[in-house]
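The block underneath contains the structure these notes are about, expressed in structure tokens.
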Amino acid sequence: MRNAVRKTHSYLTTKHALGENNAISMISVAVDFGMTQVADGNLGMHATIFTRRCFPRTRAAKPNPAS
């Protein structure tokens with residue numbers, strides 16, 4: 001669980017440029033953590049971010065009609 005939180009925190013601070021406090025707030029209110037169990041007994045954790053509306057939209061560059 002700690003590793004999943006650390007990786008989610010790293011993702012939010014690097015990919016979405018959130019500050020330390022904002023990343024922690026986002027994790028506490030908009031991220032759901034779950035446990036996965038595979039057949040051989042290994043356990044895994046995953047994080048799901050509920051909504052993308054929290055992040056600014058990136059727009060693809062529009063083609064130049066004059067070209």
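Residue numbers start at 1 and run along the sequence shown.
In the hydrophobic clustering of ILVMFWY residues, with side-chain heavy atoms under 4.5 Å counting as a link, M1 and Y11 come out together.
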Could you tabulate the donor-acceptor pairs under 3.5 Å formed by side-chain atoms of residues 17-34, not counting sequence neighbours?
unit_1, atom_1, unit_2, atom_2, d
E20, OE2, H9, NE2, 3.4
S25, OG, N21, O, 3.0
S28, OG, S25, O, 2.9

- Message: Determine whether H46 and T36 satisfy the following criterion, side chain to side chain contact (heavy atoms under 4.5 Å, CB included), listing intermediate values before the conclusion.
- Response: CA-CA 7 Å; H46 61 271; T36 308; 3.1 Å; yes

